[in-house]
Amino acid sequence: MSDSALKDLNLAQSAELEKTKDISAKSCVTKPVLNGNKCVNTEENAPPACPGAVTNGCESGNADVEYIDSENLTDLPDAGATLTTLVARLDSKDWVMTCEALNNVRQLAIYHKDRLQELLEPLVPLIVKSVKNPRSAVCKTALMTCADIFKAYGDLMVDSIDPLLVQLFLKSSQDKRFVCEAAEAALISMTNWIAPSALLPKMQPYLKNRNPRIRAKASMCFSKSVPRFGVEGIKEYGMDKLVQIAATQLSDQLPESREAARKLALELQTFYEKSQASSSGEVDDDAPATSPDADSESWEAFCQSKLSPLSAQAILRVTSTTKDGVAGGVTSTPPKGVTVGC
């Protein structure tokens, strides 16, 4: 064989070898997919084409994370032993162990909430860390954990909620649908189980956040929380303060924020008119005197007295238009692109 032919053969073999290496390497690069209620990472179920591949300390093929609904969680066989290692496992570099620990937090919150309460202070930062984890399985499990601890502890979570809020707002507006849905569920749990008097002051700063998505989610949760006040609660919190917030959000750049503000304005109008009707129907000489505008002003006069002319006009246009639409048999629907829920 000539030197030229031999050189060509060597080059061909080298090219074939490089191609084989590329194919082998590509078989190691996998992406997580969602299959029903179970998170099945293709990297976890990959064939032994990459014998040396590991996943944060776990060999490929050994990890399988299942998303379990709260009502299907069972009690732990040994809660004491679980509590002993809980913090260390939540902070583990092994993501599968972290997911297991997060599910243990959920189980403890449901079946042993008093014992878990003592660990809430060190646990919350670790849950936040898991919510921020780029691995979707860890992130979603952490979001499900948030929903369960909000339900279990309610107002007790208020002092620890600040680092969670911004992450919940961000995750609920991202593109990964199954992560977004878990974040939405956590926000709904938060607004359902934490008293508005404690929650609204925590959310209010996010209504002015520079990120429009965070503003939108905060607005939607804010408008969901207000109706839980009741008439007396709204009076105590400040009707004027709430209507000013609604007026500000009506001019936001995102339709979600504007729709949330519209709903809030309608709720406030309903509460205000109920309050006025209740006051006019009561005759109690011993009741403490209140300012005239609290007892006799119409909704229009109230808005004009508490807001700038432009803001009052915006609120009145929203509330009167909706009333006219309902009277005419027209059902108001959210604009296209508006997410239902928090």
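Fair warning: this is a prediction, and the values are worked out from it, not measured in the lab. The chain is numbered in sequence order, starting from 1. Side chains are part of it too, since the values below use all heavy atoms of this structure and drop only hydrogens, waters and symmetry mates.
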Would Tyr153 end up clustered with Leu102 when hydrophobic side chains under 4.5 Å apart are linked, directly or stepwise? yes
In terms of side-chain heavy atoms, does Ser70 have a donor or acceptor partner in Asp148 at a distance below 3.5 Å? yes
Pairing of Glu267 and Lys263 as salt bridge, 4.0 angstrom limit: no
Check: Thr145 side chain, Arg106 main-chain N or O, donor-acceptor pair, under 3.5 Å: no
Treating Ile, Leu, Val, Met, Phe, Trp and Tyr as nodes and any side-chain heavy-atom pair under 4.5 angstrom as an edge, say whether Leu168 and Ile161 lie in one connected cluster. yes
Please confirm whether the backbone N or O of Leu126 pairs with a side-chain atom of Ser130, one donor and one acceptor, at under 3.5 Å? yes
Taking the side chain as C-beta and beyond, is there a heavy-atom pair between Leu200 and Phe229 under 4.5 Å? yes
Which value, rounded to the nearest 0.5 Å, describes the distance between Met157 atom CE and Asp162 atom CG? 11.0 Å
Answer yes or no: is there a side-chain heavy-atom contact under 4.5 Å between Phe302 and Met239? yes
Heavy-atom side-chain contact between Arg262 and Thr319 under 4.5 Å: no
Quick one, Leu207 and Arg215 - any side-chain contact, counting heavy atoms below 4.5 Å? no
Tell me which one of Thr270, Leu266, Leu264 satisfies side-chain contact (heavy atoms from CB on, under 4.5 Å) with Leu268. Leu264
Flag, side chain of Lys171 to backbone of Cys180, donor-acceptor distance under 3.5 Å: no
Any carboxylate oxygen within less than 4.0 angstrom of a Lys/Arg side-chain nitrogen, looking at Lys129 and Asp91? yes
Has Ser223 got a side-chain atom pairing as donor or acceptor with Met220's backbone, closer than 3.5 angstrom? yes
Using the rule that Ile, Leu, Val, Met, Phe, Trp and Tyr join whenever any side-chain heavy atoms are under 4.5 Å apart, tell me whether Ile127 and Leu156 fall into a single cluster. yes
Cation-pi check for Tyr237 against Lys241: NZ or CZ below 6.0 Å from the six-membered ring centre and within 45 degrees of the axis, yes or no? yes
Check whether NZ of the Lys or CZ of the Arg Lys140 lies under 6.0 Å from the centre of the six-membered ring of Phe178 and within 45 degrees of that ring's axis. no
Output field: ring centroids Tyr272/Trp299 closer than 6.0 Å: yes
Looking at Ala195, is its backbone amide N or carbonyl O close enough to the side chain of Asp155 to form a donor-acceptor pair, meaning the two atoms are under 3.5 Å apart? yes
